[in-house]
There are 2 protein chains.
Amino acid sequence: MSERLLRHSIKTVSERTGLSPHLIRAWERRYETIQPQRTDGNQRLYCEKDIERLTLLKRATESGHPIRTVARLPIEELRGLAPQLPAGDRSMMGTQPSQSSSGGPRSTRTGPELVESALQAITSMNASALESVLEEAVLSLGQVAVLSHVIGPLVQRVGDGWQAGTLKVGHEHLASAVIRTFLANAARPFAVHASAPMLVATTPSGQVHEIGAALVAAAAANKGWRITYLGPSLPAEEIASAALQSHARAVALSLVHPADDPQLPEELRRIQRLLPDSTTLIVGGAAVGSYERTLRQIGARVCRSLNEFSAVLDGLRQGSN
Amino acid sequence: MSERLLRHSIKTVSERTGLSPHLIRAWERRYETIQPQRTDGNQRLYCEKDIERLTLLKRATESGHPIRTVARLPIEELRGLAPQLPAGDRSMMGTQPSQSSSGGPRSTRTGPELVESALQAITSMNASALESVLEEAVLSLGQVAVLSHVIGPLVQRVGDGWQAGTLKVGHEHLASAVIRTFLANAARPFAVHASAPMLVATTPSGQVHEIGAALVAAAAANKGWRITYLGPSLPAEEIASAALQSHARAVALSLVHPADDPQLPEELRRIQRLLPDSTTLIVGGAAVGSYERTLRQIGARVCRSLNEFSAVLDGLRQGSN
DNA sequence: AGAACCTAGACAAGACATGGACAAATACAA
DNA sequence: TTGTATTTGTCCATGTCTTGTCTAGGTTCT
C-alpha cells in the first residue's frame, strides 16, 4: 500500500520542521498533540503525517495562535488555519526574527559568512557543498531572509566574479543550476488556496539570466502567491497569453543583462499593451535603471529590491482581497 | 537464482560500499538486513544485489534515517526512498499525504496515461498539476522507471507539439522549468560516498536543450554516481576543466537541437582531446545520429537510450573497481 | 604460515527519554 | 501600578538505547 513504513527519529523531525527536539517533546507531554510510535527501546518514531502536523502547528504558532488553542485541533482544521494569517500583522516583514525562537541549536552563521562559504563551494565546483550551504542558510536565517541576504548577494558576487574573470563560465553554470533548483523548491512551500493570487514570473526576450525571475518567484510563493514560472527569454505575446490563461494578477519580469538591448523597450511596451488592466506588470533586476524611461512611460511597477517587491505584492493583495 | 554471478568477499564489498567489514557483519547480525550465501567454509559471499542493498542502506543512514528503521525495508522501498527527503530542509512537504488521503482507490496509472495527464497539465499551464503528475508517477513506477517511461516520452511529445505548433513557447518553457526541477531533485537522492565515481553532465556549445543532460544526471545519480551538473551550452575548455577539477570518471553530453551545427564536430573533437584518458566521454540524445561520424572518430561512447546509458555506466564502474 | 574470516561479546560515544526547573512573556486580579 | 498565576520555550540531570568499533579465540583460504 501507499502506507509508508518509514518512521523518522526525533532528530530528523526536528530538522525538517525547524522545531527543537525539546519543544517537540514538550508539546507532546503538555498537549498530547501527537503520540508517535515507539521503538522497542521506547524511542519516538514519527511518520510523515506527524511531521505534517508539527509543521502546521509551527505555522499556526508563528502566525499568532497560542499553542494551547491549536494543539488538539484535527489536522484538517490546522490546514485551513494556516493560510488565515499568512504574513501576520506582526513585525516580521523584512527579516524573520521568529527564527531566533525556534531555530536549531547549531551555531548560526551570518549572511556574509554563508555567502563566502557558498562562493568557495562554487570555486571548487562542489555542487553538493553548495547545496549544503544553502540548506544551512535556510535553517539559520529562515526561508525568507535567505533570499535577500544570501541568494541575492551570492548571485551578485558570481556575476562580478564572472566578469572579472576570477570565475569561469563553468562555475557560473554550476552555481546557476544549483541555485535555480534551490529556488524552485523554495517556491512551492505548501499547497496554497486556489483563491490565492497568481503571479507569472519570467524574463522578456533577450534577457537570458533567469535567476532573478526564480528569486522573485520564490519570494512571492513565500507570501502565499501561486506561481507560474516560465524561465527566461519569453516573447511578449507568450508572456501575455500565459498571464491570461492563468488569470494572473501580476507579471514579474527580471532585467539583468544585457542592459542596452535596443529591442527591449518595444518588447516591454508590447507586453504592457497585451496585458489586461487587471494584471499588474512588475519589473525588477539590476538593469531596470537602463530602461527606466520606458518603464515609467508604460506605467510598470519598478522594484529595486526584494523588500520593495514584497511591498508591491502586499499592496496588490490588499487592493483586491 | 541459479544465476552464476560473481560473488564477492566481504572485503571487496567493504571497499565498494565504504562500509567497514565490522559494520556489515553487525548489521547482518542485528537486523538481518541481508543473508549472503556462504562458502563451504562458512565465509560470506555477496552478490551484486547485496552490494546494491548495502549501498542504499548506507545512503539512507547518511541522510538521517536510523538504521533500525530502514534495515528491513524491501529494496524497492529503499530505492524509492529519495523522494522522501527531497531537500532535507524544505520546511514543509506535508502536502503530499493530503493527496493520498483524498485519492480513494489508488489505481496505479501506466506510463502513457501519466504522459497524457502531464501534457494536459502543460496545455492548461498548470505547473502544480504537472508536479503532481510527476510525483504520482514516481510512486507508481519508481524513481528509475519514471525517467525512461514518463519523462523521456513527455519531453519528446512537448518537443513535437512545439514544432507542430500545438504547443506554444510558453508551454514549453513551463514544462522545462518543472521537469528540470523535478530531475534536479531526483538527481540528489542522498549524500553519496566520496569514493563514488563522478559524472559531469552538460551539453556542448550551441546545444541549448538541457533536459537531456538533466535526465542523464538523474539516471546516473540513481545508480550511485556523484554528479556535477553544469546546464546547457558549455564551451569545450570549460567542460574539460570542470571534468579535471572534479576528477570525473565520465562526461555525459546530450545532443538534441540543432542537429546540423557545423561547429559542433570540431567542438566535440576539442572536448575529447582535452579530456584525460581516464575520463570517458559519453554522448546521447536525439541528435547523435547526425554527428555519428565525428563521434566514432573520436571514440566517444554513443548511447541511444537511457538503458544503454545505464549499461555504459555499469561497465565503467565495473572496469575500475 | 600468514592473511583474511568467523562468532560472540564488550565498549564507548552519542542520541534519546523523563521529570523537573527556570525565565520571559502574558493575563489577570488587587 | 503592582503582584500573582499561567503559558511556553528552553535547559539540566540522570538513566536508557542505539550503533559503530574493537577484542579474543578459533576457522578457512592460499
Handout entry: Side chain of B:Leu23 (C-beta onward), nearest among C:dA15, C:dC5, D:dG20
Key = D:dG20
Fill in the blank from the handout: side-chain contact (heavy atoms from CB on, under 4.5 Å) test vs A:Val133 passes for just one of A:Val178, A:Ile122, A:Leu114, A:Leu154, namely A:Leu114
Handout entry: 5' priority, DNA chain C, between A:Ile10 and B:Pro21 [closest heavy atom]
Key = B:Pro21
Handout entry: Phosphate-side-chain proximity, A:Ser9 and C:dC16, N/O vs OP1/OP2 below 4.0 Å
Key = yes
Problem - Whole-Å distance separating the CD atom of B:Gln43 from the C1' atom of D:dT30 - result: 11 Å
Practice task
Write down the distance between CD1 (A:Ile24) and P (D:dC11), rounded to a whole number of angstrom.
Solution key: 14 Å
Problem - Side-chain heavy-atom pair B:Leu316, B:Pro197 within 4.5 angstrom cut-off - result: no
So which protein nitrogen or oxygen atoms get under 3.5 Å of nucleotides 23-28 of chain C's nitrogens or oxygens?
none

Exercise for the section: Calculate the interatomic distance between B:Lys11 atom NZ and C:dG2 atom P; express it in whole Å. Expected result: 18 Å
Practice task
Return the value, rounded to whole Å, for the distance between atom CH2 of A:Trp27 and atom C1' of D:dT7.
Solution key: 13 Å
Exercise for the section: For residues A:Leu174 and B:Thr228, determine if any side-chain heavy atom of one lies less than 4.5 Å from a side-chain heavy atom of the other. Expected result: yes
Problem - Atom-to-atom span, CD of B:Glu15 to P of C:dA4 - whole angstrom - result: 10 Å
Practice task
Using a strict 4.0 Å threshold on nitrogen-to-oxygen distance, state whether B:Lys223 and B:Glu52 make a salt bridge.
Solution key: no
Exercise for the section: Calculate the interatomic distance between B:Leu45 atom CG and C:dA4 atom P; express it in whole Å. Expected result: 17 Å
Exercise for the section: Whole angstrom is fine here: how far is it from CG in B:Asp40 over to P in D:dT27? Expected result: 17 Å
Practice task
Indicate yes or no: does A:Arg38 engage A:Glu28 in a salt bridge with an N to O separation below 4.0 Å.
Solution key: yes
Exercise for the section: Respond yes when some side-chain nitrogen or oxygen of A:Thr39 is under 4.0 Å from OP1 or OP2 of D:dT18, and no when none is. Expected result: yes
Handout entry: Contact summary for B:Pro36 and B:Ile34, nearest pair of heavy atoms
Key = CD-O, 3.5 Å
Exercise for the section: May I ask you to check whether B:Thr279 and B:Asp277 show a side-chain donor-acceptor distance below 3.5 Å? Expected result: no
Practice task
Report yes if a side-chain nitrogen or oxygen of A:Tyr31 is closer than 4.0 Å to either non-bridging phosphate oxygen (OP1 or OP2) of D:dT8; otherwise report no.
Solution key: yes
I'd like a list of close polar pairs between nucleotides 7-9 of chain C and the protein, N/O only, cut-off under 3.5 Å.
{"residue": "C:dT7", "atom": "OP1", "partner": "B:Arg38", "partner atom": "NH1", "Å": "3.2"}
{"residue": "C:dT7", "atom": "OP1", "partner": "B:Arg38", "partner atom": "NH2", "Å": "3.2"}
{"residue": "C:dT7", "atom": "OP2", "partner": "B:Arg44", "partner atom": "NH1", "Å": "3.0"}
{"residue": "C:dT7", "atom": "OP2", "partner": "B:Arg44", "partner atom": "NH2", "Å": "2.6"}

Practice task
Could you check how far CZ of B:Arg7 sits from P of C:dC5, rounded to whole Å?
Solution key: 17 Å
Handout entry: Residue A:Glu308 excluded, over 12 heavy atoms near CD under 6.0 Å
Key = yes
Exercise for the section: Inspect the contact between B:Arg7 and B:Glu48 and indicate whether a charged nitrogen and a carboxylate oxygen are less than 4.0 angstrom apart. Expected result: no
Exercise for the section: Under 4.0 Å between any heavy atoms, over every strand shown, what does A:Thr61 touch: base, sugar-phosphate, or nothing? Just pick one. Expected result: nothing
